[in-house]
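Here the structure is laid out as structure tokens; the discussion comes afterwards.
Below, each value reflects all heavy atoms present in this structure, side chains not excepted, and no hydrogens, waters or symmetry copies. The first residue of the sequence shown is numbered 1, and numbering continues consecutively from there.
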Amino acid sequence: MEQLKEIVKNIKNKTIAPVYFLMGDEPYYIDNVADYIESNVLTEEEKGFNQMILYGRDVTIQDIVSNAKRFPLMAEKQVIIVKEAQDLAKTIEQLDDYVNQPQPSTVLVFCYKYKTIDKRKKLYKSLQKHAVLFESNRLKDYKLEGWLQQTVAKRGYSIDPKSAAMLIEFLGNDLSKIVKELDKLTIVLPKGQPITAEVIEKNIGISKDYNNFELMKAIVDRNQLQAYKIANHFAQNPKNNPFVVTIGIVYAYFSKLLLYHGLQDKSPQNAMRQLKIVQYAIKDYELGFKTYPMRRVSQIIAHLKEVDLKGKGVGAAQLPQGDLLKEMLMKIFN
């Protein structure tokens with residue numbers, strides 16, 4: 001993210017704003033900026049008297065402003081970081097007066113996670129004018145694999161598409177959780193070695209053979225035996241393989257395959273742009289195009305909606321996960 005790089009660059013160059021308001025539904029980048037400020041604005045000697053961590057549930061806006069107006073002790077600046085600032089949502093507009101006239105020697109940081117302030121009100125406009133206002137948005141699912149590849153490369157490792165898909169499928173789009181698991185892997189792996197499916201299975205506990213990535217591969221290949229083997233494994237381990245996740249992934253594939261059928265320009269570049277998929281996934285749509293005609297894809301999508309409703313107990317008693325998975329595969333393959 002360009003703004004994130006700019007914030008870090010400015011802090012390195014000692015161009016430090018009096019107020020940083022970090023908000024949005026992706027906490028990972030908010031924590032990154034706050035941690036960088038916490039670690040780099042003051043020296044270790046200065047931090048003892050001039051760095052303060054507050055929590056939104058424990059303070060009021062008046063408490064924060066009162067602390068912010070203090071002068072630093074034997075240092076040019078003091079740093080105040082307000083974590084979980086979203087707990088102050090009901091009174092956050094009271095910050096407006098301070099933002100318009102901040103204390104120059106204070107660096108005040110708000111970590112306002114999982115939401116944004118009202119962009120129609122005064123505080124938002126004041127922050128735009130007098131502070132660094134950073135909105136941290138969740139990565140789109142189709143961008144996760146690229147982000148993971150870059151994150152792994154920065155640490156001096158590599159990861160193949162299948163292994164990346166395994167991690168993303170298991171951990172979802174929670175970037176903080178993904179980074180924590182990468183931290184575990186980089187402890188046990190020598191620098192430069194690839195992060196493989198075997199490494200992930202051994203150290204994180206995700207099966208390299210029985211996962212949604214392999215299930216989709218079996219469906220695309222119309223490998224019924226393998227698909228049913230994976231479904232049986234899922235049925236025996238429902239907590240690690242929830243049906244709602246599996247059917248969501250299968251539904252997403254066939255929905256995009258329907259779009260792929262409708263593309264006049266099926267070049268990889270256009271398909272990636274229109275379907276919002278990564279390059280390695282193109283082959284799955286090229287094969288699916290040959291294996292599943294457009295009319296059949298439409299029928300499968302309708303069947304998947306029915307099975308999904310059954311899984312939610314709509315129109316019938318909620319069925320066991322194994323029965324739902326078998327019905328889903330029968331609707332696809334028959």
Side-chain angles (χ1 to χ4, degrees), residues 1-8 10-11 17 19-39 53-59 61 64 80-96 99 107-152 154 164-165 167-183 212 242 244-245 247-249 251-252 255-256 275-278:
M1 302 174 76
E2 290 305 314
Q3 189 185 2
L4 188 63
K5 293 177 183 176
E6 185 180 353
I7 290 171
V8 171
N10 287 339
I11 293 171
V19 179
Y20 291 84
F21 201 94
L22 318 171
M23 65 180 187
D25 54 7
E26 179 46 72
Y28 175 72
Y29 293 115
I30 292 173
D31 288 338
N32 267 12
V33 176
D35 289 347
Y36 189 83
I37 291 171
E38 184 178 347
S39 300
I53 308 295
L54 304 174
Y55 289 86
R57 64 179 178 274
D58 299 327
V59 295
I61 296 296
I64 295 166
I80 300 174
I81 299 175
V82 185
K83 298 189 175 183
E84 309 301 335
Q86 68 274 10
D87 290 339
L88 294 162
K90 292 181 179 178
T91 57
I92 197 68
E93 286 295 318
Q94 295 174 13
L95 186 64
D96 185 63
V99 171
V107 181
L108 180 57
V109 183
F110 282 83
C111 302
Y112 197 89
K113 296 179 179 179
Y114 313 113
K115 57 172 71 177
T116 60
I117 58 173
D118 192 331
K119 296 179 181 179
R120 300 166 297 179
K121 293 189 175 179
K122 282 169 47 178
L123 177 60
Y124 181 78
K125 296 177 175 61
S126 298
L127 288 166
Q128 283 185 309
K129 188 174 181 181
H130 300 292
V132 171
L133 179 60
F134 173 71
E135 185 169 351
S136 179
N137 297 313
R138 282 207 183 274
L139 276 185
K140 301 293 184 184
D141 287 349
Y142 70 95
K143 291 184 176 181
L144 278 171
E145 197 261 343
W147 172 85
L148 180 56
Q149 295 277 6
Q150 290 179 358
T151 303
V152 168
K154 285 178 184 176
L167 275 177
I168 291 166
E169 175 213 315
F170 187 74
L171 301 172
N173 63 351
D174 187 329
L175 303 189
S176 298
K177 191 184 291 186
I178 293 173
V179 168
K180 283 179 183 177
E181 295 301 332
L182 287 178
D183 289 340
N212 285 312
V244 64
V245 174
I247 197 165
I249 290 170
Y251 181 84
S255 297
K256 289 183 178 181
L275 274 58
K276 293 182 169 53
I277 56 176
V278 292

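The shortest distance between side-chain heavy atoms of P27 and Y114 falls below 4.5 Å. Contact of the L95 side chain with the L88 side chain is not registered, since no non-hydrogen atoms from C-beta on lie closer than 4.5 Å. At a threshold of 4.5 Å between non-hydrogen side-chain atoms, the residues V19 and H130 do not count as touching. At a threshold of 4.5 Å between non-hydrogen side-chain atoms, the residues V33 and V109 do not count as touching. Within the 4.5 Å cutoff, side-chain heavy atoms of E84 are placed close to those of Q86. No side-chain heavy atom of D118 sits under 4.5 Å from any side-chain heavy atom of I92.
Atom-to-atom distance recorded for Y20:OH and C111:SG is 12.5 Å, nearest 0.5 angstrom. The CG atom of L123 lies 4.0 Å from the CD1 atom of I117; values are rounded to the nearest 0.5 Å. Between the CD1 atom of I249 and the CD1 atom of I247 there is a distance of 11.0 Å, given to the nearest 0.5 Å. Here the straight-line distance linking atom OH of Y29 with atom CG of L175 works out to 5.5 Å at 0.5 Å rounding. Between the CD atom in E26 and the NZ atom in K113 there is a gap of 10.0 Å [rounded to 0.5 Å]. Here Y124 contributes atom OH and L133 contributes atom CG; the two are 5.5 Å apart, rounded to the nearest 0.5 Å.
The side-chain contact (heavy atoms from CB on, under 4.5 Å) search around F170 returns I204, I206, not counting sequence neighbours. Residues satisfying the ring-ring contact (aromatic ring centres under 6.0 Å, His included) test with F21, not counting sequence neighbours, are F110, Y112. Scored by the side-chain contact (heavy atoms from CB on, under 4.5 Å) test, N173 finds R138, D141, L144 as partners (sequence neighbours excluded).
Shown here for I30 and S136, the closest heavy-atom pair between the two residues is CG1-CB, 3.8 Å. Annotation for K121 and E93: closest pair CB-OE2, 3.4 Å, computed over non-hydrogen atoms. Taking each heavy atom of A17 and V107 in turn, the nearest pair found is O-CG1, 3.8 Å. Of all non-hydrogen atoms in L22 and A34, the two that sit nearest each other are CD1-N, 4.0 Å. Between K119 and T116, the shortest heavy-atom contact is CE-OG1, 4.4 Å. Closest non-hydrogen pair, R120 versus K125, comes out as O-NZ, 3.2 Å.
A side chain to side chain contact (heavy atoms under 4.5 Å, CB included) with I178 holds for exactly one of L171, D183, V152; it is L171.
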